[in-house]
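Some notes on the structure that comes next.
Just so we're clear, the structure is a prediction, and the values are computed from it rather than from any experiment.
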Amino acid sequence: MTPSMLALHWQKVFEAHKIPEARESSEILISHALGAKTFHHIPPSVSRCPVSADQLEHVESMGQQRLQRVPVQYIIKEWDFLDMTLQMRPPVFIPRPETEELVGLVLADSQGLLSSTGPRILEVGCGSGAVSLALQRSLPQACVVAIDKTEEAVNLTRNNAERYGLQNKIQVLQHDILFDPPERLLTWGPIDVIVSNPPYIFTADMSMLDPEISRYEDHNALDGGHDGMDVIKGILHLTTCLLKHNGDVFLEGDPRHPHMISQWLKTTHSVQLRLISIFQDFCKKPRFVHLRKS
């Protein structure tokens, strides 16, 4: 059985079991088993030959995991984010394409950072380290601090930092902004930029998530409370003691959140932030907010 035949076989299996993105899942698993980056990168000399018994066994094992709705990122243990290939381990949150846009927004507004000496950037909820590592690679003079409440995420961020030789550049800390004292973070303050893709799903919406998400990804990285704003509010409160004057905040959220954040700021006078911009994602939904400390 050639790779193309095997891909078609597993595509039909996945379709029969109503697995989302059946063709993509099949091709990702098979290319991974054959040591290729993508299905189209399988060399012609390999694509024309029968798949070996060991490779068939590997594909079978991965295919069975996919039938249990395990995300392909966890099955192949890695995933691309911008120009990086990062390690992935459950239950750490898998970075989404929208979050690449969040990095782009920070970098597009980074002229002030580029002109300053050692700008300080704090990421709240670093997960796999995707955002922090992308920013550190693009802004090598920056001091990037990545925090997450879970040990699994902190360890994975450190592993990915080592993969790119950034373990001595990026600071990674286990810290829960809702419960741990903010004084722990003042060592790196005042902060120039806070960036976060926080848990922002409304609790009532959690039951509607796909099995790939609800069964395998950490709910702490997803559930933002009844209005999806628990951690968002925590970040906004954190700015009072940690963000420098004219410092920036970039947040990803639910499309309902930009308006909700704007209204919250009008009634929360202790937080001196003003809304600079609202940005749409590639699906034309209002997904990102840019705030600045007055």
Side-chain angles (χ1 to χ4, degrees), residues 3 6-7 10-11 13-15 17-42 55 58-103 123 125-134 137 146 148-164 172 196-201 206 208-223 252 281-283 287:
L6 188 60
W10 277 104
Q11 178 182 337
V13 171
F14 292 152
E15 287 172 345
H17 289 81
K18 296 182 169 53
I19 302 299
E21 300 179 334
R23 181 180 63 81
E24 292 84 352
S25 293
S26 174
E27 291 184 352
I28 288 169
L29 299 184
I30 290 162
S31 59
H32 180 73
L34 298 179
K37 186 68 176 174
T38 69
F39 196 74
H40 299 292
H41 283 89
I42 298 174
Q55 290 168 336
H58 190 191
V59 172
E60 174 70 25
S61 173
M62 293 190 293
Q64 291 301 323
Q65 292 182 68
R66 188 71 190 101
L67 289 172
Q68 297 300 313
R69 303 297 290 267
V70 179
V72 293
Q73 294 92 335
Y74 289 157
I75 297 173
I76 67 173
K77 299 181 174 60
E78 64 181 25
W79 200 242
D80 288 350
F81 185 86
L82 295 172
D83 61 346
M84 301 179 293
T85 300
L86 301 174
Q87 296 179 45
M88 295 289 133
R89 287 197 299 268
V92 180
F93 183 77
I94 299 165
R96 272 53 170 186
E98 294 92 337
T99 307
E100 295 183 351
E101 297 182 74
L102 178 64
V103 172
E123 183 191 6
C126 57
S128 65
V131 170
S132 287
L133 294 173
R137 281 161 60 87
D148 201 287
K149 65 187 290 185
T150 71
E151 184 178 2
E152 294 91 343
V154 166
N155 289 339
L156 185 56
T157 293
R158 287 174 176 156
N159 292 158
N160 281 320
E162 290 175 6
R163 174 175 277 205
Y164 286 94
V172 188
S196 183
N197 173 21
Y200 62 70
I201 297 174
M206 289 290 292
M208 295 184 285
L209 295 175
D210 291 336
E212 285 83 353
I213 302 171
S214 62
R215 292 181 191 173
Y216 299 101
E217 291 192 85
D218 184 3
H219 285 204
N220 288 319
L222 300 164
D223 190 342
E252 180 176 335
D281 62 18
F282 54 77
C283 294
R287 179 71 62 188

Check the pair Ile213, Leu222 against side chain to side chain contact (heavy atoms under 4.5 Å, CB included), reporting the backbone distance first and the verdict last. CA-CA 9 Å; Ile213 302 171; Leu222 300 164; 3.5 Å; yes
Would Val103 and Phe81 satisfy side chain to side chain contact (heavy atoms under 4.5 Å, CB included), going step by step from the backbone distance to the final call? CA-CA 10 Å; Val103 172; Phe81 185 86; 4.0 Å; yes
Do Glu60 and Gln64 have a side chain donor and acceptor closer than 3.5 Å? yes
Decide whether Glu78 and Thr85 meet the rule of one side-chain donor and one side-chain acceptor closer than 3.5 Å. no
Identify the heavy atoms of [X] and [Y] that sit nearest to each other, and give their distance.
X	Y	value
Val92	Ser128	CG1-N, 3.7 Å
Leu82	Ala134	CD1-CB, 3.8 Å
Leu102	Ser196	CD2-O, 3.8 Å
Thr150	Asp218	CG2-OD2, 3.6 Å
Phe93	Tyr74	N-OH, 4.3 Å

Taking side chain to side chain donor-acceptor pair (under 3.5 Å) as the test, write out the residues that go with [X], two or more places apart.
X	answer
Gln65	none
Asn160	none
His219	none

Roughly how far, to the nearest 0.5 Å, is [atom2] of [Y] from [atom1] of [X]?
X	Y	atom1	atom2	answer
Ile30	Ile42	CD1	CD1	7.5 Å
His41	Thr38	NE2	OG1	4.5 Å
Met206	Asp223	CE	CG	4.5 Å
Leu86	Thr157	CG	OG1	9.0 Å
Leu209	Ile201	CG	CD1	4.5 Å
Gln87	Ile76	CD	CD1	12.5 Å

Do the non-hydrogen side-chain atoms of Pro97 and Phe282 ever get within less than 4.5 Å of each other? yes
So do the side chains of Trp79 and Ile28 get within less than 4.5 Å of each other, counting heavy atoms only? yes
For [X], what residues pass the side-chain contact (heavy atoms from CB on, under 4.5 Å) criterion, not counting sequence neighbours?
X	answer
Gln11	Leu8, Glu15, Ala22, Arg23, Ser26
Arg137	Asp83, Met84, Tyr164, Leu166
Gln55	Leu34, Val51, Ser52
Ala33	His58, Val59, Met62

Are any side-chain N or O atoms of [X] and backbone N or O atoms of [Y], one a donor and one an acceptor, separated by less than 3.5 Å?
X	Y	value
Ser25	Val72	no
Asp148	Gly127	yes
Thr99	Pro95	no

How would you list, by chain and number, every residue that makes a salt bridge (Lys or Arg N to Asp or Glu O under 4.0 Å) with [X], sequence neighbours excluded?
X	answer
Arg163	none
Asp281	Arg287
Asp80	Lys37

Phe14: what forms a ring pair (Phe, Tyr, Trp, His ring centres under 6.0 Å) with it, not counting sequence neighbours? Trp10
Just one of Glu252, Glu217, Glu101 clears the salt bridge (charged side-chain N to carboxylate O under 4.0 Å, His left out) bar with Arg96, so which one? Glu217
side-chain hydrogen bond (donor to acceptor under 3.5 Å, both in side chains) between Arg89 and Asn155, worked out: CA-CA 10 Å; Arg89 287 197 299 268; Asn155 289 339; over 6 Å; no
Can you pull the salt bridge (Lys or Arg N to Asp or Glu O under 4.0 Å) pairs that have at least one residue in residues 64-77, sequence neighbours excluded? Arg66-Glu212, Arg69-Glu212
